[in-house]
Student: 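Have a look at the structure that comes next, please.
Count residues from 1 along the sequence. When a ligand or atom number is given, it counts from 1 through the structure's own listing order. Heavy atoms only: backbone and side chains are in, while hydrogens, waters and symmetry mates are out.
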Amino acid sequence: MSVKILDYYIYSETKMELIEYLRDIKHKVHIVSGNPEVLYSGLSNLELKENFKSEEAVIIPDGIGTVLSAKILGTPVQEKIAGIEVMEEIIKFCEDESKPIYLLGAKQEILDKCISNLKMKHPRLEIVGSHNGYFNIDECETIIKDIEVKMPYCIFVAMGAPRQEIFITKYMHWLPCTIFMGVGGSFDVISGNSKRAPKWMIKIGIEWLYRVLKEPWRLKRLSSIPKFIYIAVLNRNN
Ligand code: UDP
């Protein structure tokens, strides 16, 4: 069900198998989009590291660096799993099973557009609450209270990495939700403000190239891919 890279257990089955597992889950779960950048932040932050290594975390291989590391280590994952696609599947079963969701993150106008697009596509989906992603994580009692009162089954946190993972790690044991998922720039995509790479690029594993071409400042962040693979291979027997 998982492969070990560094100290992490990376989910190694298919996306749809993950969705089946999530449908029946009886305990809290933190779905982590396991790209090298996120996993890196877990190496230097003790709370994140503990959370990522706990049984409550499901780290999906969302990034070519993670997929390649698994392959080089001789324990390939079945497929690369994109966080936004997992989010879409969770939304589908939440709509079908009347499980309420909460959206936390992005700029207010993006969030509003994301909500109206979701409502259009999923008319029976219960979005019980939302808040933009610009607040102090250590002083956000009003937001925490709001989530507590609305009792969503699932909360999607779109505040970029590692901010979203820090928020989830800090509050997941307090909040009454079952599924916690950091979804990066997904609200921007759902709102129509930004686009995913064309399907052919996703298929051959160069979605990162599309993002760098669109947002050149991401180039610096890409250096985490070879670094992560190097460290993973170096520590292969630990
Ligand atoms: N964001 C936020 N609060 C912040 C910083 C960022 O809500 O303090 C939002 C930002 O508006 C954008 C998302 O987080 O919607 C970041 O997306 P990005 O593409 O950088 O995330 P990635 O997928 O690369 O982790």
Side-chain angles (χ1 to χ4, degrees), residues 8 10 15 30-45 48 51-52 57-67 80-88 90-91 101-118 127 129-140 142-144 146-147 155-171 180-197 201-202 205-225 227-228:
Y8 303 120
I10 312 288
K15 178 180 73 188
H30 176 191
I31 305 167
V32 182
S33 281
N35 57 54
E37 208 188 358
V38 173
L39 299 178
Y40 247 148
S41 51
L43 294 178
S44 55
N45 176 321
L48 282 189
N51 182 284
F52 290 179
V58 174
I59 305 178
I60 57 172
D62 181 6
I64 197 69
T66 316
V67 173
K80 174 180 177 294
I81 302 180
I84 190 164
E85 293 174 17
V86 172
M87 177 185 177
E88 280 162 5
I90 294 174
I91 283 178
I101 70 162
Y102 195 102
L103 302 181
L104 180 65
K107 295 190 182 122
Q108 191 62 47
E109 66 271 23
I110 299 284
L111 179 62
D112 292 341
K113 192 77 184 63
C114 171
I115 292 174
S116 73
N117 285 355
L118 279 177
I127 304 174
S130 66
H131 196 285
N132 66 59
Y134 293 84
F135 58 88
N136 181 345
I137 290 185
D138 296 317
E139 284 171 37
C140 57
T142 336
I143 299 172
I144 297 300
D146 189 49
I147 303 169
I155 179 164
F156 295 109
V157 187
M159 304 198 293
R163 182 173 154 82
Q164 59 201 19
E165 286 76 24
I166 292 171
F167 177 88
I168 293 174
T169 299
K170 190 169 167 86
Y171 294 110
F180 297 77
M181 181 172 185
V183 292
S186 299
F187 294 2
D188 296 78
V189 174
I190 297 170
S191 73
N193 191 53
S194 68
K195 278 198 167 66
R196 279 192 82 190
M201 284 183 118
I202 297 175
I206 54 168
E207 190 165 9
W208 55 270
L209 179 63
Y210 177 86
R211 295 192 81 182
V212 167
L213 291 174
K214 287 269 170 193
E215 298 158 323
W217 55 269
R218 286 186 186 274
L219 192 60
K220 209 170 131 231
R221 289 167 55 173
L222 275 186
S223 63
S224 60
I225 298 180
K227 271 196 251 162
F228 183 80

Student: Sequence neighbours excluded, which residues qualify as side-chain contact (heavy atoms from CB on, under 4.5 Å) partners of Asn45?
Tutor: Glu47, Leu48, Ile166
Student: Please say whether the positively charged group of Arg218, taken as NZ for Lys or CZ for Arg, lies over the ring of Tyr210, i.e. under 6.0 angstrom from the six-membered ring centre and within 45 degrees of the axis.
Tutor: no
Student: Quick one about Asn51 and His30 (side-chain donor to acceptor, distance below 3.5 Å, no hydrogens or angles considered), yes or no?
Tutor: yes
Student: Quick check for you: to the nearest 0.5 Å, what is the distance between Gln108 atom CD and Leu111 atom CG?
Tutor: 5.5 Å
Student: Measuring from atom CG of Leu222 to atom CD1 of Ile64, what distance do you get when rounded to the nearest 0.5 angstrom?
Tutor: 11.5 Å
Student: CG/Asn193 to CG/Asn117 distance, rounded to the nearest 0.5 angstrom?
Tutor: 11.0 Å
Student: Name the residues in contact with ligand 1, where contact means a heavy atom under 4.0 Å away: which are they?
Tutor: Gly105, Ala106, Lys107, Gly133, Tyr134, Ala158, Met159, Gly160, Ala161, Arg163, Gly184, Gly185, Asp188, Arg211, Arg218, Arg221
